[in-house]
Peer 1: 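Pasting a structure below so you can have a look.
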Amino acid sequence: MVLASMAGRLRPVVKQPQLLALANNNFHSNSVPGSSSSASSRLVHLLRQSSNVSFVTSIHCKIVKLGAVYSGSTSNHLLTSYVRLGQIAHAQNLFVEMPQTDIVTWTSLMSGYISANQPHKAISLFQDMHLHEIKPNHYAFCTAINACSHLAMLNLGQQIHAQVEVHGLTSDTVVCSALIDMYGKSEGALYARRIFDQMKNQNVITWSSMVSVYSQNAQGYEAIALFGKFLHVGVPNPFILSSVVNACASIGQLGLGKSMHCKVIRHGHELNYFISGALIDMYAKCGCFESSKNVFDRIESQTLVPYTSMIVAAGKYGFARYALDLFDEMRNEGIIPNDVTLLGVLHACSHAGLVDMGLRYLHSMKYEYGIKPCAKHYTCTVDMLGRAGRLDEAYQLSKEVHAEGPDKLLLWSAFLSACRTHRRLDLAAEAADRLAEFDSDVAGPLVVMLNTYVSAGKWKNAANVWSTMKQKGIYKEPGCSWVEVKNKVYVFYVGEVSSAGTRAAEVMDLLEEFEVKMRERGFVGSGSSWVEEEEGDKRVIVGVHSERLALGFAHLSVPDGVTIRVMKNLRMCKDCHDWFKRVSDIVGRVIVVRDLNRFHQFSFGSCTCGDYW
DNA sequence: ATAGGGTTAG
């Protein structure tokens with residue numbers, strides 16, 4: 001290891017023009033077919049070192065001009081170089097020209113398509129291989145599975161899995177790891193686990209894949225439990241650590257998150273930027289903005305992702321000014337923002353009510369940062385305008401955006417929510433038309449529509465929507481949030497006020513005060529509700545929901561007194577933050593939990609928790 | 001020799 005890196009450092013650096021000269025010489029002195037084995041091996045050596053496209057292209061041209069026959073392996077190297085440099089068009093042309101191809105050729109091009117974000121083309125190639133009498137091997141299967149993973153199509157993945165079985169590759173560790181990952185990304189966590197359990201030779205990567213499967217499928221506790229088992233058999237690396245930090249974030253487990261942070265430090269991975277990003281996000285989601293900032297400030301050389309994580313975190317907490325300062329700082333350091341960064345910036349503006357500034361960022365995205373706004377950016381903007389009551393502008397923008405499928409659903413749902421909040425029935429009807437194509441299987445828009453009619457007092461229309469939903473058997477998961485208290489998970493569903501617990505009056509006062517504050521900040525909307533449950537012979541307040549917040553209060557009799565914990569789904573502005581602090585002074589520790597109810601539809605910046613009924 | 005598996009921000 002040490003020797004290798006030393007050698008790498010000591011090797012003289014050859015500049016590309018010199019390389020080219022070298023290539024020419026090599027080629028001229030060895031251009032007789034049949035005696036070129038050393039020439040092609042040197043050519044291959046040069047290709048492997050090449051780091052710019054024109055160099056590779058010039059070698060390609062030389063080969064063609066001199067009329068040399070494409071020898072299988074040399075042209076494979078050429079193709080791999082194109083793929084490595086992201087030149088999928090060149091790779092594709094070369095592939096078409098090659099008189100002979102082998103399994104390596106096909107696999108290389110497949111992986112090229114995957115890196116070019118065209119996984120369906122990789123799948124087509126895989127399916128066409130047998131027409132050219134190319135037999136897939138474990139490399140080809142891995143690549144094909146990887147393509148399925150990008151497409152997240154369970155059926156397709158299962159088909160390839162079946163072929164893996166037929167080809168007797170089920171004992172290949174790498175193939176199995178790829179399958180685990182593929183199932184994880186296609187919502188097939190159970191299949192993934194089955195493969196994991198049946199494997200004979202698991203390694204860090206297998207474990208790491210399995211941990212991230214759970215992280216990605218809202219099974220944070222399973223992820224953490226599996227990680228615990230792993231610690232008995234292996235040493236964690238940055239991959240598995242970032243996954244497990246992510247799992248802690250997803251379940252709002254600050255304590256566990258902190259102990260994972262300790263493990264990260266102990267294993268010397270604190271400065272890994274994947275991990276930094278995960279830690280910043282974890283602390284933000286667990287209610288410790290200060291800790292996010294500490295992790296961020298400790299990073300020595302900044303990169304895009306931690307910056308973006310931090311901007312998003314600041315936006316989430318309503319620190320828009322800080323988020324925008326970070327954005328400026330990042331640009332001054334020459335770090336190029338991407339679409340997610342800009343989404344975070346828009347989100348921050350939206351949460352702080354900086355509507356015009358948000359609009360300026362949106363409009364400057366393309367020419368200033370070279371990022372074409374996508375449906376998500378527009379949805380965020382529509383939401384921002386909608387919150388500010390600028391419904392007509394929001395409508396205008398929504399109409400101009402080209403969005404299809406889930407993007408369209410989110411866009412018009414955001415607009416519809418704004419119509420509901422501001423009771424604009426006329427525009428709500430427009431939104432409902434746009435959403436009509438989705439009503440067969442998605443409850444969200446119908447529920448918002450129903451609520452819009454209800455809040456406008458149009459009971460007959462509301463009843464119609466209601467009966468449509470009943471007829472079609474559409475069921476909306478009730479809004480819920482949840483918290484863990486003393487190893488027990490409490491799930492809080494939306495419901496009605498029934499009666500009060502011992503400190504209910506106090507809680508109710510706080511809630512009312514909170515709503516007054518929300519109204520002062522321009523919030524328009526209605527009411528809150530809370531839920532009560534029996535626990536043994538005690539009455540327990542288990543949940544309070546307000547329009548924009550889902551607060552879970554677990555009011556439990558515990559030895560050291562009453563514990564009330566507060567959760568929230570999204571949005572925490574400065575006011576909310578202060579308010580939570582006050583609640584925590586009165587009732588104890590406050591935690592903030594990400595809502596993981598996967599049936600919720602989020603348009604970035606708003607939560608359909610307001611959609612309950 | 002050339003092709004294969006896992007990680008972060010929405």
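In what follows, chains are A, B, ... by sequence order, proteins preceding strands, each numbered from 1. Just so it is clear, the model here is predicted, and its values are computed rather than measured.
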Peer 1: Looking at the side chain of A:Val305, which of B:dG4, B:dA9, B:dT7 is the nearest nucleotide?
Peer 2: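 Shortest atom-to-atom distance from the side chain points to B:dA9.
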Peer 1: Fit a plane to each ring of A:Phe141 and A:Phe126, take the angle between them on a 0 to 90° scale, and name the class: parallel (under 30°), tilted (30 to 60°) or perpendicular (over 60°).
Peer 2: perpendicular
Peer 1: Across the strands shown, which category fits A:Ser149 at heavy-atom distances under 4.0 angstrom: base, sugar-phosphate, nothing?
Peer 2: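 Here A:Ser149 touches no strand at all.
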Peer 1: What I want to check is whether the side chains of A:Tyr183 and A:Arg193 have a donor and an acceptor closer together than 3.5 Å.
Peer 2: no
Peer 1: In terms of side-chain heavy atoms of A:Lys185, which of B:dT7, B:dT2, B:dG4 is nearest?
Peer 2: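 Selected nucleotide: B:dT7.
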Peer 1: Starting at atom CG of A:Asp181, determine the distance to atom C1' of B:dT7, rounded to an integer number of angstrom.
Peer 2: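 Between C1' of B:dT7 and CG of A:Asp181: 11 Å.
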Peer 1: If I take atom CG in residue A:Asn201 and atom P in nucleotide B:dG6, what distance separates them, rounded to the nearest angstrom?
Peer 2: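 My rounded result for the distance is 19 Å.
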Peer 1: Base, sugar-phosphate, or nothing: which does A:Val83 touch, judged by heavy atoms less than 4.0 Å apart?
Peer 2: nothing
Peer 1: Taking NE2 from A:His150 and P from B:dG4, how many angstroms apart are they, rounded to a whole number?
Peer 2: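 Taking NE2 of A:His150 and P of B:dG4, I get 13 Å after rounding.
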Peer 1: At less than 3.5 Å, do the side-chain atoms of A:Asn137 and the base atoms of B:dG4 form a donor-acceptor pair?
Peer 2: no
Peer 1: Tell me which nucleotide among B:dG5, B:dG4, B:dG10 gets nearest to the side chain of A:Val175.
Peer 2: B:dG4
Peer 1: Is it the case that the side chains of A:Asn76 and A:Thr105 hold a donor-acceptor pair, with the cut-off being a distance below 3.5 Å and no angle test?
Peer 2: yes
Peer 1: Indicate, with a heavy-atom threshold strictly under 4.0 Å, whether A:Ser209 touches base, sugar-phosphate, or nothing.
Peer 2: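 Sugar-phosphate contact only.
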Peer 1: Is it the case that B:dA3 (base atoms only) and A:Asn76 (side chain only) share a donor and an acceptor within less than 3.5 Å, ignoring hydrogens and angles?
Peer 2: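 Not at all, since no donor on one side and acceptor on the other fall under 3.5 Å apart.
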Peer 1: For the side chain of A:Thr173, starting at C-beta, report the closest nucleotide among B:dG5, B:dG4, B:dG6.
Peer 2: B:dG5
Peer 1: By nearest atom, which of the nucleotides B:dT7, B:dG10, B:dT2 is closest to the A:Gln216 side chain?
Peer 2: B:dT7
Peer 1: Can you say whether the rings of A:His267 and A:His269 are parallel (under 30°), tilted (30 to 60°) or perpendicular (over 60°)?
Peer 2: parallel
Peer 1: Could you work out which one of B:dA3, B:dA9, B:dG5 sits closest to the side chain of A:Val174?
Peer 2: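 Within the option list, the nearest is B:dG5.
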Peer 1: Would you mind telling me which of B:dG6, B:dG4, B:dA9 lies closest to the side-chain atoms of A:Asn237?
Peer 2: B:dG6
Peer 1: Please report the distance, rounded to the nearest Å, between CD1 in A:Ile280 and C1' in B:dT7.
Peer 2: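 Answer to the nearest Å: 15 Å.
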Peer 1: Compare all side-chain heavy atoms of A:Ser276 with those of A:Leu271 and state whether any distance is below 4.5 angstrom.
Peer 2: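 No, every pair of side-chain atoms sits at 4.5 Å or beyond.
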Peer 1: Name the closest nucleotide to the A:Ser242 side chain, picking from B:dT7, B:dG10, B:dG5.
Peer 2: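 For the A:Ser242 side chain, the nearest candidate turns out to be B:dT7.
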Peer 1: Is there a side-chain contact between A:Asn146 and the phosphate of B:dA3, meaning an N or O under 4.0 Å from OP1 or OP2?
Peer 2: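 No, because none of the side-chain N or O atoms of A:Asn146 sits under 4.0 Å from OP1 or OP2 of B:dA3.
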Peer 1: Nearest to the side chain of A:Lys285, which nucleotide is it out of B:dG10, B:dA1, B:dG4?
Peer 2: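 Out of B:dG10, B:dA1, B:dG4, the nucleotide with an atom closest to A:Lys285's side chain is B:dG10.
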Peer 1: A:Tyr139 stacking on B:dG4: centroids under 5.5 Å, ring planes under 30°?
Peer 2: no
Peer 1: Between B:dA3 atom C1' and A:Phe126 atom CZ, what is the distance in whole Å?
Peer 2: 13 Å
Peer 1: Looking at every strand, decide which applies to A:Asp102 at a 4.0 Å heavy-atom threshold: base, sugar-phosphate, or nothing.
Peer 2: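 No contact.
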Peer 1: Looking at B:dA1, B:dG6, B:dT8, which one has an atom nearest to any side-chain atom of A:Ser208?
Peer 2: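 Between B:dA1, B:dG6, B:dT8, the one nearest the side chain of A:Ser208 would be B:dG6.
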Peer 1: Just checking, any donor-acceptor pair under 3.5 angstrom between side chains of A:Thr107 and A:Thr143?
Peer 2: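 Result is no, nothing qualifies.
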Peer 1: Measure from CZ on A:Phe196 to P on B:dG6 and round the result to the nearest Å.
Peer 2: 16 Å
